[in-house]
There are 2 protein chains.
Amino acid sequence: MQKDPDIQLELGTPLSERMRRGDLFSEHCPSREVLKHVTSRWGVLILVALLGGMHRFSDLRRKVSGVSEKMLAQTLQCLEYDGFVLRQSYPVVPPHVEYSLTPLGMEVAKKVEDLADWIEGNFPKIMDAQEKFKEINEV
Amino acid sequence: MQKDPDIQLELGTPLSERMRRGDLFSEHCPSREVLKHVTSRWGVLILVALLGGMHRFSDLRRKVSGVSEKMLAQTLQCLEYDGFVLRQSYPVVPPHVEYSLTPLGMEVAKKVEDLADWIEGNFPKIMDAQEKFKEINEV
DNA sequence: ATTTAAGCTTACCTTTTTGTGTGTACTTAC
DNA sequence: GTAAGTACACACAAAAAGGTAAGCTTAAAT
């Protein structure tokens, strides 16, 4: 009987450790927010794109095809806030802004790229599995 | 001048290669769907949870705290469809269903866990960055 | 003289995602 | 006799994400 049923105590790990790293399995874990930014629809693509080096806003917009200006700006702000992206603006006309990865950002971006690459590389296998599923479940 | 402006031709990579792996940067790339399933709010947590071995529906519901039954069922179906999760149901009363990772699922799950672990482990650094951002931008 | 471009912001609207509550069929525990 | 657990499905509602179009500033290109 707990006051807040959301707080899960995992007895295997000491409390201090859980506070320091957060525990993604427990609700309201602050790490979930960061995870959301990183794994968001456009977050993934932007991070991977920036692994290729510095990009201007419009470069990113063209590279990550399908993203709207609004979403690009918003996602970049999240990633900047988390310390993954560095934004350098030069106050000239027309505006000139450069986006790049911070050292911290490089690390996450590599993890994200790993995942993305795996999916791209194994896409044929996945499609096979999907076909089999459809056959079996007569969809 | 193209009929479908969404189709981006990246001249660095041969066409056959792009068709086989898909290109996440181009809109409507089918891999984006799979990526969405895997990086979805609950997809990440479910995959990581299943790395710990077979789970029943309710076990997962308790472990991945915050997930609703509806979302759990839906996400599991997506992951099953993609060939990442194996569902074995025993027609007894009350119902008994076991979920586990396929070999393919283990591979993605590891990539996802890598990412999740990195975020959990570096969360203090991220928080520091967030604090600095707030100071500088007087939020 | 008008268009184009840069990098956004804002308001408004649509689509997608997620949550809630209910029902089901049956058994075991209280 | 009633409640709880099991693994969902379904209908409805709320919330979040995303798209669209306009505006801003100033200079260069047409």
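Letters A, B, ... are given to chains in the order of the sequence lines, protein chains preceding strands, and every chain is numbered from 1.
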Would you indicate whether the side-chain heavy atoms of [Y] and [X] approach each other to under 4.5 Å?
X      : Y      : result
B/Q130 : B/I126 : yes
B/F84  : B/V34  : yes
B/L45  : A/R32  : yes
A/V44  : B/L35  : yes
B/V38  : A/L115 : yes
A/R61  : A/E69  : yes

Could you tell me how far apart [X] ([atom1]) and [N] ([atom2]) are, to the nearest whole angstrom?
X     : N      : atom1 : atom2 : value
A/Q74 : D/dT20 : CD    : P     : 15 Å
A/F57 : C/dG7  : CZ    : P     : 7 Å
A/H55 : C/dC8  : NE2   : C1'   : 19 Å
A/E98 : C/dG7  : CD    : C1'   : 13 Å
A/H96 : D/dA28 : NE2   : C1'   : 17 Å
A/E27 : C/dT18 : CD    : P     : 14 Å
B/K36 : D/dA16 : NZ    : P     : 19 Å

Has [X] got a side-chain N or O lying under 4.0 Å from the OP1 or OP2 atom of [N]?
X     : N      : value
A/S40 : D/dA17 : no
B/R56 : D/dT6  : no
A/R41 : D/dA16 : no
A/S58 : C/dA5  : no

- Task: Determine, for B/E33 against B/K36, whether the closest basic-nitrogen to carboxylate-oxygen distance falls under 4.0 angstrom.
- Result: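 Looking at B/K36 together with B/E33, the answer is yes, because their closest N to O distance falls below 4.0 Å.
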
- Query: Is the closest basic N to carboxylate O distance between B/K110 and B/E113 below 4.0 Å?
  - Reply: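 No, B/K110 and B/E113 are not salt-bridged.
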
- Query: Which letter, B, S or -, goes with each nucleotide of nucleotides 20-28 of chain C from 5' to 3', with contact meaning a protein heavy atom under 4.0 Å?
  - Reply: B-----BS-

- Could you give the distance from CG (B/D117) to CG (B/N122), rounded to the nearest 0.5 Å?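 Result: 10.5 Å between the selected atoms.
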
- Query: In terms of the angle between their ring planes, are A/Y90 and A/H96 parallel, tilted or perpendicular, with boundaries placed at 30° and 60°?
  - Reply: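 Perpendicular: the ring planes of A/Y90 and A/H96 meet at over 60°.
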
- Query: With no hydrogens and no angle check, is any side-chain donor or acceptor of A/T102 less than 3.5 Å from a backbone partner on A/G83?
  - Reply: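 Side chain of A/T102 to backbone of A/G83: a pair is present.
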
- Please give the angle, rounded to 10 degrees, between the axes at the start and the end of the helix from C/dA1-D/dT30 to C/dC30-D/dG1, where five pairs define each axis.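 Roughly 20°, once rounded to the nearest ten degrees.
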
- Check every atom of C/dC8, D/dT6, D/dA7 against the side chain of A/Y99 and return the nucleotide holding the closest atom.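 Side chain of A/Y99 sits closest to C/dC8.
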
- Would you mind classifying the nucleic acid contact of A/R61 as base, sugar-phosphate or nothing, using non-hydrogen atoms under 4.0 angstrom?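 No contact.
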
- Item | DNA chain D contacts among residues 75-90 of chain B, heavy-atom distance under 4.0 Å |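 Contacting residues: B/Q77, B/R87.
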
- Query: Does A/F25 share a hydrophobic cluster with B/L60, counting links as ILVMFWY side-chain heavy atoms below 4.5 Å and allowing steps through other members?
  - Reply: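 Result: yes, single cluster for both.
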
